[in-house]
Amino acid sequence: MRGPMSVELALEELLDSRVADVFTKDELREKLARSERERRPLRVKLGVDPTAPDIHLGHAVVLRKMRAFQDLGHTGVLIIGDYTAMVGDPSGKNKTRPQLSYDEIEQNAATYKEQVFKILDPERTEIVLNGEWFRKLAFADVLRLASRFTVARLLERDDFEKRLAKQQPISLHEVMYPVMQAYDSVMVRADVELGATEQTFNILMGRQLQEQMGQERQIGLLVPILTGICGTVRMSKSIGNYIGIAESPQEMFGKTMSIPDRLLAEYLRLATDYRPDEVERLERALADGSANPRDVKFQMAKRIVAMYHGEESSELAASDFERVFKRKEAPREMPVIGLSSKDLKEGKIWIAKLLRLANAASSNSNALGLVRQGAVSIDGAPVDAGRPDVAVKSGMTLKVGKRRFFRIEITNDTSD
RNA sequence: GGGGAGAUACCCAAGCGGUCAAAGGGGGCAGGCUGUAAACCUGUUGGCGUAGCCUUCGGGGGUUCGAAUCCUCCUCUCCCCA
């Protein structure tokens with residue numbers, strides 16, 4: 001149990017640390033105080049779309065904020081937008097999203113639930129699918145709901161404004177998205193809605209609708225958007241510039257080390273659990289040159305991996321990293337490519353086939369391209385594009401590019 | 001309802017009868033240099049056991065020895081007018 005002082009501190013962090021905006025802070029303080037008085041936990045809502053199920057460090061920022069509320073005794077209400085996923089949130093998009101099939105959505109939702117408790121407290125989490133209420137609405141209900149919003153107001157969203165300016169299409173169903181999200185807030189009686197800054201508009205709509213429908217309006221708490229590891233645009237699964245919280249320690253470590261230096265401060269602040277004063281100290285050291293960015297990044301990578309895999313795995317990932325990139329050796333453990341003796345002709349295999357079995361190339365053409373560029377080696381010897389049939393034995397190491405390693409295992413298959 | 005513009009690969013965009021698997025840029029991947037950073041240089045970026053062949057330029061049909069390019073119908077998008 002926390003003492004009174006640490007509650008004070010936790011509150012301060014809740015409102016300020018990794019927060020971009022709160023509307024409004026005063027209202028939130030009041031709600032928190034009242035919740036304390038009445039011993040009624042706040043209902044803290046977060047809506048997620050089960051479109052790309054893997055949770056990454058970008059999602060983690062907001063999920064960890066929810067966790068912070070839970071640690072103070074409040075209830076996290078996680079809405080899986082199975083129904084809204086059929087629409088696709090236009091936020092930050094410059095084009096219409098593809099609508100998913102129901103099967104895909106269900107599968108994604110399952111993966112999501114699986115990963116989310118790496119961060120959230122299961123004891124204080126409610127998970128609901130918004131199809132629960134949307135499925136039941138009749139068209140007349142939808143019209144009544146829609147009548148509470150004006151087109152002018154909905155088109156004020158900057159993504160819509162931009163698209164209009166660029167003469168790009170906006171579908172009617174996309175305009176409904178904020179309406180649906182607002183309705184979610186009403187249905188779960190949210191006290192607080194969390195989201196990244198791009199959610200500002202949607203969350204404000206929820207506030208408005210709740211008031212119109214006789215509820216106290218929710219507080220919006222916005223967290224900053226994390227830039228992806230490419231360093232240019234937001235972290236996103238579909239772009240592929242992400243670090244997933246369910247990825248292997250080695251992957252996480254490596255990806256963290258590959259971010260551009262200029263993202264260091266941002267990642268220290270948003271992606272780690274360093275205390276604000278620690279972040280500040282590191283930022284200062286980077287700015288005045290007393291710390292080497294590479295070393296800070298190394299520390300940070302260890303921290304991030306530890307957050308999701310524990311200290312031990314983190315240390316191992318760090319030492320594997322040193323081993324591979326400093327000493328140019330193979331990692332201790334690597335994925336195995338299982339070959340059967342049937343795959344071989346006189347002990348040899350076509351390199352393209354080998355790469356495809358390893359899932360290291362998307363096609364034979366792609367594989368042979370890699371070989372031509374000298375990216376492929378076996379036991380340290382580059383594969384010659386002119387001699388694409390390579391002799392392999394169990395225990396040999398296949399290396400593709402700078403960082404992908406595989407161990408070859410051959411089983412004697414004489415079944416036919 | 002009327003008039004106009006448009007749809008080309010992951011994205012932007014050129015091409016407007018053969019020399020087009022399709023310029024250029026971006027992005028991705030790979031190589032060099034590094035710290036799996038940045039910047040820079042180079043290569044590569046539809047598929048196929050690959051000096052050859054197959055499929056691709058919104059979709060169908062046609063003209064032609066030959067079509068991303070011409071004709072025709074369809075689908076979709078944007079703009080202006082009502």
Side-chain angles (χ1 to χ4, degrees), chain A residues 93-99 160 162-172 174 227-234 236-243 247-268 286 289 291-302 304-305 317-331 343-346 348-377 382-390 398-405:
Chain A
K93 300 285 163 180
N94 52 13
K95 59 169 65 165
T96 308
R97 278 193 175 181
Q99 299 186 20
F160 287 152
K162 273 182 206 146
R163 278 207 252 167
L164 283 171
K166 287 170 80 179
Q167 310 196 334
Q168 285 169 340
I170 298 170
S171 304
L172 188 55
E174 293 181 272
T227 306
I229 57 178
C230 64
T232 50
V233 293
R234 56 174 315 155
S236 129
K237 170 95 190 284
S238 57
I239 298 173
N241 61 353
Y242 70 103
I243 301 175
E247 287 191 272
S248 73
Q250 285 76 12
E251 273 301 296
M252 277 183 108
F253 197 98
K255 283 187 175 181
T256 306
M257 288 305 286
S258 78
I259 66 167
D261 287 357
R262 68 192 145 77
L263 291 188
L264 252 177
E266 181 183 337
Y267 272 59
L268 284 169
L286 282 169
N292 181 333
R294 193 257 167 204
D295 297 335
V296 174
K297 214 189 279 178
F298 196 84
Q299 281 307 312
M300 183 177 85
K302 273 209 262 192
I304 291 176
V305 175
S319 73
D320 250 0
F321 182 85
E322 299 256 82
R323 190 184 164 101
V324 173
F325 292 103
K326 253 192 179 144
R327 305 205 297 275
K328 308 287 176 203
E329 293 166 18
D343 294 323
L344 305 181
K345 260 184 257 159
E346 296 162 16
K348 292 185 172 182
I349 185 167
W350 189 36
I351 188 65
K353 185 175 179 187
L354 186 62
L355 290 185
R356 297 203 64 180
L357 284 169
N359 228 335
S362 54
S363 66
N364 293 347
S365 305
N366 176 221
L368 296 175
L370 287 169
V371 172
R372 231 177 294 123
Q373 308 201 62
V376 181
S377 62
V383 174
D384 180 355
R387 308 176 60 192
D389 292 296
V390 294
L398 170 71
K399 185 182 181 192
V400 184
K402 283 192 175 87
R403 60 180 181 281
R404 284 185 292 175
F405 292 86

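Residue numbers start from 1 in every chain, and the chains themselves are labelled A, B, ... in the order their sequence lines are given, proteins ahead of strands. Here the structure is a predicted model, which is why all the values come from computation and not from measurement.
- The phosphate of B:rG35 (OP1 or OP2) has no side-chain N or O of A:Lys297 nearer than 4.0 angstrom.
- Between B:rG4 and B:rC10, the two P atoms lie 33 Å apart (nearest whole Å).
- Rounded to whole Å, atom P of B:rG43 lies 14 Å from atom CZ of A:Arg372.
- Judged by closest nucleotide on RNA chain B, A:Gly374 is the one of A:Gly374 and A:Asp261 placed further toward the 5' end.
- Residue-level contact check: A:Asp295 touches neither bases nor backbone, having no heavy atom under 4.0 Å from any strand.
- Map A:Arg356 and A:Lys326 each onto its nearest nucleotide of RNA chain B; the residue landing nearer the 5' end is A:Lys326.
- The C1' atoms of B:rU56 and B:rA21 are separated by 8 Å, rounded to the nearest whole Å.
- Across every strand in view, B:rU36 sits unpaired, with no contact that passes the Watson-Crick or G-U test at under 3.5 angstrom.
- Within the model, atoms CG of A:Asp320 and OG of A:Ser248 stand 9.5 Å from one another, a figure rounded to the nearest 0.5 Å.
- At B:rG27, none of the side-chain N or O atoms of A:Thr232 fall inside 4.0 Å of OP1 or OP2 (strictly under the cut-off).
- Separating the CZ atom of A:Arg294 from the C1' atom of B:rA38 is a distance of 16 Å, rounded to the nearest angstrom.
- Each of B:rG35, B:rU36, B:rA38 was ranked by its minimum atom distance to the side chain of A:Pro293; first place goes to B:rG35.
- Judged by Watson-Crick or G-U wobble contacts below 3.5 Å, the nucleotide B:rC76 has B:rG6 as its partner.
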**Asked** Going through the distances and angles, do A:Ile229 and A:Leu263 end up as a side-chain contact (heavy atoms from CB on, under 4.5 Å)?
**Response** CA-CA 8 Å; A:Ile229 57 178; A:Leu263 291 188; 5.9 Å; no
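- Across B:rA7 and B:rC57, the matching P atoms stand 14 Å from one another, rounded to whole Å.
- Using C1' as the reference atom, B:rG3 and B:rC11 are 32 Å apart when rounded to the nearest Å.
- Rounded to the nearest Å, the gap between the P atom of B:rC80 and that of B:rU63 is 41 Å.
- Atom CZ of A:Arg387 has 12 or fewer neighbouring heavy atoms from other residues, nucleotides or ligands inside a 6.0 Å radius.
- The side chain of A:Ser258 contributes no N or O atom lying less than 4.0 Å from OP1 or OP2 of B:rA37.
- Residues A:Leu286 and A:Asp261 fail the side-chain proximity criterion, which asks for heavy atoms closer than 4.5 Å.
- Counting to the nearest Å, the P atom of B:rU36 and the NZ atom of A:Lys399 are 11 Å from each other.
- If you measure from atom CE of A:Met300 to atom P of B:rG35, you get 19 Å, rounded to the nearest angstrom.
- The distance between atom CG of A:Asn292 and atom C1' of B:rU34, rounded to the nearest whole Å, is 12 Å.
- Across all strands, A:Leu263 comes closer than 4.0 Å to no nucleic acid atom at all (heavy-atom distances).
- At a threshold of 4.0 Å, the pair A:Glu346-A:Lys348 does not count as salt-bridged, since none of the basic side-chain nitrogens sits closer than that to a carboxylate oxygen.
- With sequence neighbours excluded, no residue forms a ring pair (Phe, Tyr, Trp, His ring centres under 6.0 Å) with A:Tyr267.
- A salt bridge is absent between A:Arg403 and A:Glu251; no separation between the charged side-chain nitrogens and carboxylate oxygens falls under 4.0 Å.
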**Message:** For A:Lys399 and A:Val376: C-alpha separation, side-chain torsions, deciding distance, then whether side-chain contact (heavy atoms from CB on, under 4.5 Å) applies.
**Reply:** CA-CA 6 Å; A:Lys399 185 182 181 192; A:Val376 181; over 6 Å; no
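- Rounded to the nearest Å, the gap between the C1' atom of B:rC12 and that of B:rG6 is 15 Å.
- Of the listed nucleotides (B:rC48, B:rG35, B:rA30), B:rC48 has the atom at the smallest distance from the side chain of A:Ser363.
- Counting non-hydrogen atoms under 4.0 angstrom, A:Gly254 reaches a base of the nucleic acid.
- One P atom belongs to B:rG26, the other to B:rU34, and the distance between them is 25 Å to the nearest Å.
- Look at A:Ser365 and you'll find a side-chain N or O under 4.0 angstrom from OP1 or OP2 of B:rC48.
- Remark: B:rU44 base-pairs with B:rG28; criterion is Watson-Crick or G-U wobble with both hydrogen-bond distances under 3.5 Å.
- Using cut-offs of 30° and 60° on the angle between ring planes, the pair A:Phe253 and A:Phe298 is perpendicular.
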Nucleotide N/O of nucleotides 77-80 of chain B paired with protein N/O under 3.5 Å:
| from | atom 1 | to | atom 2 | distance (Å) |
| --- | --- | --- | --- | --- |
| B:rC78 | O2' | A:Gln167 | OE1 | 2.9 |

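- Atom CG in A:Asn366 sits about 14 Å away from atom P in B:rC10, given to the nearest Å.
- Here A:Cys230 contributes atom SG and A:Tyr242 contributes atom OH; the two are 13.5 Å apart, rounded to the nearest 0.5 Å.
- Taking atom CD of A:Gln373 as the reference point, atom P of B:rU45 lies 8 Å away to the nearest angstrom.
- Nearest to the side-chain atoms of A:Leu370 among the listed nucleotides B:rG31, B:rA30, B:rA37 stands B:rA30.
- A:Asp389 has its CG atom 12 Å from the P atom of B:rU50, to the nearest Å.
- Using P as the reference atom, B:rU8 and B:rU42 are 30 Å apart when rounded to the nearest Å.
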